[in-house]
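First comes the structure, then the notes that go with it.
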Number of protein chains: 2
Amino acid sequence: MTDNYHHGDLKNALIQAGLAILSQEGVQALSLRKVAKHAGVSHAAPYSHFTDKQALIAAIATEGYKKLYEQVSAVAVHYQADPRSQLIETAWAYVQFAIDTPDHFKITFSGIVEREHDYPDYVEQAQKNFALIVEVIESCQRQNILQQGDSELLMVSIWSGLHGLIHLLLGNQLPSKLLNRVSAREILLFQLNHFFVGDTP
Amino acid sequence: MTDNYHHGDLKNALIQAGLAILSQEGVQALSLRKVAKHAGVSHAAPYSHFTDKQALIAAIATEGYKKLYEQVSAVAVHYQADPRSQLIETAWAYVQFAIDTPDHFKITFSGIVEREHDYPDYVEQAQKNFALIVEVIESCQRQNILQQGDSELLMVSIWSGLHGLIHLLLGNQLPSKLLNRVSAREILLFQLNHFFVGDTP
DNA sequence: GTGAAATCTTTACACCGTCAAGTTTGTGGG
DNA sequence: CCCACAAACTTGACGGTGTAAAGATTTCAC
């Protein structure tokens, strides 16, 4: 083995290299050639494992969903006994993931998927995350902490608020005037409060 | 005048060319060279009017904010007498802008602005839009349709829901199962209802 | 062991952003 | 009037990018 051929687990190494570049130089700097160089491999080597740059991005995005699921589900288990805290803290886990690794978050939710059939792994992980949040919401509904009715509609509404907050935060589109006054967590709590029964305006 | 030099209003022509490419081929295909060719000009000509590709994008984004302001303020005036409808319809105008010209919307809200000082026009238009929505919300507060208190905090919460919904819509990240059941407008109304006083869960 | 399949390299091409130098055009001061 | 100067635009070049094709090397099934 000349150390040049048959890296061993290049596919995964490329994903990890992509993540490293993503966290060090941001999403703008993520290129196939740079990923390849970072993995110590020729610039066309990635094409043995990914049909496309899109495919690499999809794999990185899938990884993002997996990591997000780990963190969110851990929080969900921890607050199992208290559905209200469970909803708040799982939502907060989303925000934290976005703040900690903004570029990974951006890629994960950048909407790479035009045709869902192209990246089944990605779709699977997305649905898994979706289902997890729906479960949290349904457990809130069972305890009458959230209103009864279409849990997916409720989920999308709450999820939208979450995503919008993150998107505005990462895009520097919230007036710093406001951010000096209230923290991201306070905004999140303020948002969520409008959905809880009883805590209404 | 050989028709080659001194185009007349190249700066604006480049922005329009960018918008054309954006609507025809999407944000991925937007390149300086293609914009230049589309305007019938050499590939380096844009550098006489924009320091950067970023600067062109900022100009296009600024244009997006202007167009958005026109549409939203027109709706705001139309529903002046009814603050509740005013909030609903201005929010819906946002969603429509995003659905009608998704790539222009994406660029406008892609968070190009790292240093706010770089593109003062962009920041100005952003703040103008922000202020407009805050006004709508404050007029709702005056009529006790929305809760009293920090209007900017309230605005950011509602705005987050709006942006999140749009982001998930444009990113194809809402389950089609749900979208077959409820329309984007119904999701928006469902969201907004949680903020109105009296219409509480 | 041998041939086929998988993995990786090399080469090549078109496109991209950007810079430097040169060319053309409009303009204002003498 | 004209001419120097500034602004607007072209040309050419550089390094980087995605990706396709062809060749080299290794592994693996038979």
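In the text below, chain A, chain B and the rest are named by the order of the sequence lines, each starting its count at 1.
For the pair A:Leu10 CG and D:dT26 C1', the computed distance is 14 Å after rounding to whole Å. In this structure, the CD atom of A:Gln28 is 15 Å from the C1' atom of C:dT18, given to the nearest Å. Per the geometry, CZ belonging to B:Phe50 stands 15 Å off C1' belonging to D:dC9, to the nearest Å. Atom P of nucleotide C:dT18 and atom CG of B:Leu56 are separated by 10 Å, given to the nearest angstrom. Rounded to a whole Å, the CD atom of B:Gln54 is 11 Å from the P atom of C:dG17.
Here A:His49 does not reach the OP1 or OP2 of C:dA6: none of its side-chain N or O atoms lies under 4.0 Å away. Within the 4.0 Å cut-off from OP1 or OP2 of D:dT10, at least one side-chain nitrogen or oxygen of B:Ser42 is found.
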Identify each donor-acceptor pair in which a side-chain atom of residues 38-47 of chain A lies under 3.5 Å from a protein atom, sequence neighbours left out, and give them as a table.
none

Show every donor-acceptor pair shorter than 3.5 Å between a side-chain atom in residues 92-104 of chain A and any protein atom, with sequence neighbours excluded, or say none if there are none.
from, atom 1, to, atom 2, distance (Å)
A:Thr101, OG1, A:Phe97, O, 3.1
A:Asp103, OD1, A:Val27, N, 3.0
A:His104, NE2, A:Ile60, O, 3.0
A:His104, NE2, A:Gly64, N, 3.3

Side-chain atoms of residues 149-156 of chain A: list all donor-acceptor pairs with protein atoms under 3.5 Å, sequence neighbours left out, distances to 0.1 Å.
from, atom 1, to, atom 2, distance (Å)
A:Asp150, OD1, A:Glu152, N, 3.0
A:Asp150, OD1, A:Leu153, N, 3.0
A:Asp150, OD1, B:Arg181, NH1, 2.9
A:Asp150, OD2, B:Arg181, NH1, 2.3
A:Ser151, OG, A:Glu138, OE2, 2.8
A:Glu152, OE1, B:Arg181, NH2, 3.0
A:Glu152, OE2, B:Lys177, NZ, 3.1

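The distance from atom OG of B:Ser73 to atom NZ of B:Lys128, rounded to the nearest 0.5 Å, is 8.0 Å.
The side chain of B:Ala44 approaches C:dA20 more closely than any other nucleotide in the set C:dT10, D:dC9, C:dA20.
Scored by the side chain to side chain contact (heavy atoms under 4.5 Å, CB included) test, A:Lys37 finds no partners at all (sequence neighbours excluded). Under the side chain to side chain contact (heavy atoms under 4.5 Å, CB included) criterion, A:Ala61 pairs with A:Ile107, A:Ile112, A:Tyr122, not counting sequence neighbours.
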Detail all sub-3.5 Å separations between protein N/O atoms and N/O atoms belonging to nucleotides 15-18 of chain D.
from, atom 1, to, atom 2, distance (Å)
D:dT17, OP1, A:Ser31, OG, 3.2
D:dG18, OP1, A:Leu32, N, 2.9
D:dG18, OP1, A:Lys53, NZ, 3.3
D:dG18, OP2, A:Leu32, N, 2.9
D:dG18, OP2, A:Arg33, N, 3.1
D:dG18, N7, A:Arg33, NH1, 2.6
D:dG18, O6, A:Arg33, NH1, 2.8

